[in-house]
Undergrad: 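The structure is given below, and queries will be raised subsequently.
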Amino acid sequence: MNVMKRGRGRPRKLAAIDALLSAGQELLLAYGLRVTVDMIVAKAQVAKTTFYTYFKDKEAFVEAVMLRESTRTITDEEFLSAHEGELRETLVRFGIQYLTFANELRLAAWDRLIASANDFYPELALRFYDAGPGRAYRLLAEILREAHNKGNLNIPDPAAAAEELTGLWYGYTILKVNLKVLPPMTPAQIRLRAERGVDLLYHIYS
């Protein structure tokens, strides 16, 4: 996936990229794909040429925003360290970060953004999904695959197990939170829910 491109011979201006991504996140949640590059650079207070220094087009930019959101569930560094850590705590930490993101009342807005992309260009919706929720799901499946290979758990189908675990974490509660018929969970409730999901996974696959 080639989301960002290098400027010609110039160092990357990380502050400008961060400002663009933060502005894009806020605008995409408010306006969806109707947001324009002009709106993004105005809010980020950077030049339009700066935008195109780092992003090929608006679609690549949205993909980068989705990828950054996905790292709030698990960063690349956390994924690499997961191979060395204790499995249950790794899964619980993943669940806490996964649920914390879903608990912020923005999940429905991101879902709408991906769904709206499908109306224009189905392949684009898939790119957004792969950069966002699909990435977290794939990394969780990889953690479970390694657990199976090491003999920690008996998981013949890690992809199915990842889907089951996220289902245990979400249940009906996340839907009610995002529909605003239930207040957001507290950190203690999130940890308890993450731990319960992992314990049930262990019960199924031990």
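We use all heavy atoms of the structure for the numbers below, so side chains are in, but hydrogens, waters and symmetry mates are not.
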Undergrad: I'd like to know whether Asp38 forms a salt bridge (charged side-chain N to carboxylate O under 4.0 Å, His left out) with Lys58, so could you lay out the CA-CA distance, the side-chain angles of the two residues, the decisive distance to 0.1 Å, and finally the verdict.
TA: CA-CA 10 Å; Asp38 287 335; Lys58 188 181 85 171; over 6 Å; no

Undergrad: How close do Ile74 and Phe94 get, counting heavy atoms only, and between which atoms?
TA: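 The answer is CG2-CE1, 3.6 Å.
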
Undergrad: If you draw a 6.0 Å radius around CD in Glu163, do more than 12 non-hydrogen atoms from other residues or ligands fall strictly inside?
TA: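 Atom CD in Glu163 is not crowded, with 12 or fewer foreign heavy atoms closer than 6.0 Å.
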
Undergrad: Would you check if the side chain of Asn118 reaches a backbone N or O of Ala125 as a donor-acceptor pair within less than 3.5 Å?
TA: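 No; zero donor-acceptor contacts below 3.5 Å.
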
Undergrad: CG/Leu99 to CD1/Ile190 distance, rounded to the nearest 0.5 angstrom?
TA: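 If we round to the nearest 0.5 Å, Leu99:CG and Ile190:CD1 are 6.0 Å apart.
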
Undergrad: Where the side chain of Ser70 meets the backbone of Met66, is there a donor-acceptor pair that is under 3.5 Å apart?
TA: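 Answer holds: no.
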
Undergrad: Hey, what do you get for OG1 (Thr50) to CD (Gln45), rounding to the nearest 0.5 Å?
TA: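 The CD atom of Gln45 is 12.5 Å from OG1 of Thr50, to the nearest 0.5 Å.
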
Undergrad: Let me confirm one number: the CD1-CD1 distance from Ile155 to Ile204, rounded to the nearest 0.5 Å.
TA: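 It is 9.5 Å, given to the nearest 0.5 Å.
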
Undergrad: Which atom pair, heavy atoms only, marks the closest approach of Pro184 to Gln189?
TA: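 Distance-wise, the nearest heavy atoms are O-OE1, 4.4 Å.
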
Undergrad: Can you measure from CG (Leu182) to CG (Leu175) and round to the nearest 0.5 angstrom?
TA: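 Atom-to-atom, Leu182:CG and Leu175:CG are 10.0 Å apart.
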
Undergrad: Measuring from atom CG of Asp119 to atom CG of Leu124, what distance do you get when rounded to the nearest 0.5 angstrom?
TA: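 With rounding to 0.5 Å, CG (Asp119) is 11.0 Å from CG (Leu124).
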
Undergrad: Determine, step by step, whether Ser206 and Asn154 satisfy the side-chain contact (heavy atoms from CB on, under 4.5 Å) criterion, reporting the C-alpha distance in whole Å, the side-chain angles of both residues, the deciding distance to 0.1 Å, and the verdict.
TA: CA-CA 6 Å; Ser206 292; Asn154 181 23; over 6 Å; no

Undergrad: Tell me if a side-chain donor or acceptor on Asn178 pairs with a main-chain N or O of Ile174 at a distance below 3.5 Å.
TA: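 Yes, Asn178 side chain to Ile174 backbone: donor-acceptor pair under 3.5 Å.
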
Undergrad: Give, for atom OG1 of Thr73 and atom CG of Leu140, the distance between the pair rounded to the nearest 0.5 Å.
TA: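 Answer rounded to 0.5 Å: 10.0 Å.
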
Undergrad: Can you name the nearest heavy-atom pair linking Val35 to Leu28, along with the distance?
TA: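 Scanning both residues completely, I find the closest heavy atoms to be CG1-CD2, 3.5 Å.
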
Undergrad: Tell me whether the count of non-hydrogen atoms from other residues, nucleotides or ligands lying under 6.0 Å of CD in Glu86 goes above 12.
TA: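 More than 12 heavy atoms, drawn from other residues, nucleotides or ligands, come within 6.0 Å of this atom.
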
Undergrad: Minimum heavy-atom separation for Leu113 and Leu33, please, with both atom names.
TA: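 Heavy-atom minimum between the residues: O-CD1, 4.1 Å.
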
Undergrad: Would you indicate whether Lys150, at its atom NZ, is surrounded by more than 12 heavy atoms from other residues, nucleotides or ligands within a distance under 6.0 Å?
TA: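 More than 12 heavy atoms, drawn from other residues, nucleotides or ligands, come within 6.0 Å of this atom.
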
Undergrad: Under the ring pair (Phe, Tyr, Trp, His ring centres under 6.0 Å) test, which residues partner Phe51, sequence neighbours left out?
TA: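 In terms of ring pair (Phe, Tyr, Trp, His ring centres under 6.0 Å), with neighbours along the sequence ignored, Phe51 is linked to Phe55, Phe61.
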
Undergrad: For Glu26, look at atom CD and say whether over 12 heavy atoms of other residues, nucleotides or ligands are found less than 6.0 Å away.
TA: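 Atom CD in Glu26 is not crowded, with 12 or fewer foreign heavy atoms closer than 6.0 Å.
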
Undergrad: Quick one: list whatever passes ring pair (Phe, Tyr, Trp, His ring centres under 6.0 Å) with Tyr170, sequence neighbours left out.
TA: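 Expected list: Tyr98.
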
Undergrad: Treating Thr75 as the side-chain partner and Thr71 as the backbone partner, does any N or O pair qualify as donor plus acceptor under 3.5 Å?
TA: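 No.
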
Undergrad: Tell me, yes or no, whether the heavy-atom count around Arg196 atom CZ, taken from other residues, nucleotides or ligands under 6.0 Å, exceeds 12.
TA: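 Incorrect, the count does not exceed 12.
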
Undergrad: Can you find a pair of side-chain heavy atoms, one from Ile143 and one from Phe79, that are under 4.5 Å apart?
TA: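 Yes - at least one pair of side-chain heavy atoms lies under 4.5 Å apart.
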
Undergrad: Any chain of hydrophobic side-chain contacts (each under 4.5 Å) joining Val41 to Ile17?
TA: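 Per the 4.5 Å side-chain linkage, Val41 and Ile17 are co-clustered.
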
Undergrad: Look at the side-chain heavy atoms of Ile, Leu, Val, Met, Phe, Trp and Tyr, link any pair under 4.5 Å apart, and say whether Val65 and Tyr31 land in one connected group.
TA: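 Yes, because Val65 and Tyr31 connect within a single hydrophobic cluster, where side-chain heavy atoms sit under 4.5 Å apart.
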
Undergrad: What heavy-atom pair brings Ala16 and Val46 nearest, and what distance separates the two atoms?
TA: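 Looking at all heavy atoms of both residues, the shortest contact is CB-CG1, 4.4 Å.
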
Undergrad: Answer yes or no: are there more than 12 heavy-atom neighbours, outside Tyr202 itself, under 6.0 Å from its atom OH?
TA: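 Counting other residues, nucleotides and ligands, OH of Tyr202 exceeds 12 neighbours.
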
Undergrad: If we count only N and O atoms by modelled type, under 3.5 Å, do the side chains of Arg68 and Ser22 hold a donor and an acceptor together?
TA: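 Side-chain D/A pair, Arg68 to Ser22: present.
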
Undergrad: side-chain contact (heavy atoms from CB on, under 4.5 Å) between Tyr205 and His148: does it pass, once the steps are laid out?
TA: CA-CA 9 Å; Tyr205 289 107; His148 175 76; over 6 Å; no

Undergrad: If you take all heavy atoms of Ala19 and Ala44, which pair is closest and at what distance?
TA: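 Minimum heavy-atom contact is O-CB, 3.6 Å.
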
Undergrad: Between Tyr137 (side chain only) and Ala159 (backbone N and O only), is there a donor and an acceptor less than 3.5 Å apart?
TA: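 It does hold such a pair.
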
Undergrad: So Val177 and Pro183, do their side chains get closer than 4.5 Å, heavy atoms only?
TA: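 Side chain of Pro183 against side chain of Val177, heavy atoms only: no contact under 4.5 Å found.
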
Undergrad: Among Lys56, Arg135, Arg127, whose salt bridge (charged side-chain N to carboxylate O under 4.0 Å, His left out) with Glu63 holds?
TA: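 Running salt bridge (charged side-chain N to carboxylate O under 4.0 Å, His left out) over Lys56, Arg135, Arg127 with Glu63 returns exactly one hit, Arg127.
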
